[in-house]
Trainee: 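Sharing a structure below in structure tokens format, with a few things to ask.
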Amino acid sequence: MASGVPVVAPAAGGPLDLVAHGRTGFLFPPRDEAAVTDAVRTLAADPALRAEYGTAARAMVEGRTWAAVGDQLIAHYGDILAGRRTAVAA
């Protein structure tokens, strides 16, 4: 399997759903320059950690194609609608 790239991202918005802190990369508090610097230094200094996080990152996103994400979203909407229909019928 090809390796992915470990991520350093702010712990806000989309990255919260896409980065597993300490497994696929590092999340840092937004606007915390010292934290992002530390995260980048940690990855830069440790090739084995970069490889480990990169492999985990690649495995995590392999199934996240537009088609798969769209199917998940449609399923969530279906669950919500089914719940509303049940609540209305009760």
Side-chain angles (χ1 to χ4, degrees):
M1 172 196 303
S3 180
V5 178
V7 177
V8 175
L16 292 172
D17 293 330
L18 299 172
V19 180
H21 181 77
R23 196 169 68 92
T24 64
F26 294 114
L27 293 170
F28 61 88
R31 300 190 175 130
D32 187 338
E33 293 176 23
V36 70
T37 300
D38 289 344
V40 171
R41 280 188 181 141
T42 298
L43 288 172
D46 192 339
L49 184 64
R50 285 195 312 272
E52 177 185 333
Y53 283 13
T55 299
R58 173 72 183 232
M60 185 173 160
V61 299
E62 277 187 325
R64 292 186 62 104
T65 64
W66 282 112
V69 171
D71 289 346
Q72 289 174 343
L73 183 60
I74 290 169
H76 289 306
Y77 285 144
D79 292 344
I80 290 168
L81 289 174
R84 285 190 184 157
R85 285 187 197 122
T86 302
V88 171

Trainee: Can you give me the closest heavy-atom contact between Ala9 and Val19, atom names plus distance?
Mentor: CB-CG2, 4.5 Å
Trainee: Pair up each side-chain donor or acceptor in residues 35-43 with any protein partner under 3.5 Å, not counting sequence neighbours, and list the distances.
Mentor:
from	atom 1	to	atom 2	distance (Å)
Thr37	OG1	Glu33	O	2.8
Thr42	OG1	Asp38	O	2.8

Trainee: So, for Leu27 and Ala11, which heavy atoms are closest and what is the spacing to 0.1 Å?
Mentor: CB-CB, 3.9 Å
Trainee: Please check this pair: side chain of Arg50 against backbone of Ala44, looking for a donor-acceptor N/O pair closer than 3.5 Å.
Mentor: yes
Trainee: Could you pull out the closest heavy-atom pair between Gly4 and Arg58, with the gap in Å?
Mentor: N-CB, 3.5 Å
Trainee: Where is the tightest heavy-atom contact between Thr24 and Met60, given as atom of each residue plus distance?
Mentor: CG2-SD, 3.7 Å
Trainee: May I have all residue pairs that pass ring pair (Phe, Tyr, Trp, His ring centres under 6.0 Å) and include part of residues 34-78, sequence neighbours excluded?
Mentor: Phe26-Tyr53
Trainee: Could you pull out all residues at least two apart from Ala68 that satisfy side-chain contact (heavy atoms from CB on, under 4.5 Å)?
Mentor: Thr65
Trainee: State plainly whether one hydrophobic cluster holds both Leu18 and Val5, where clusters connect Ile, Leu, Val, Met, Phe, Trp and Tyr through side-chain heavy atoms under 4.5 angstrom apart.
Mentor: no
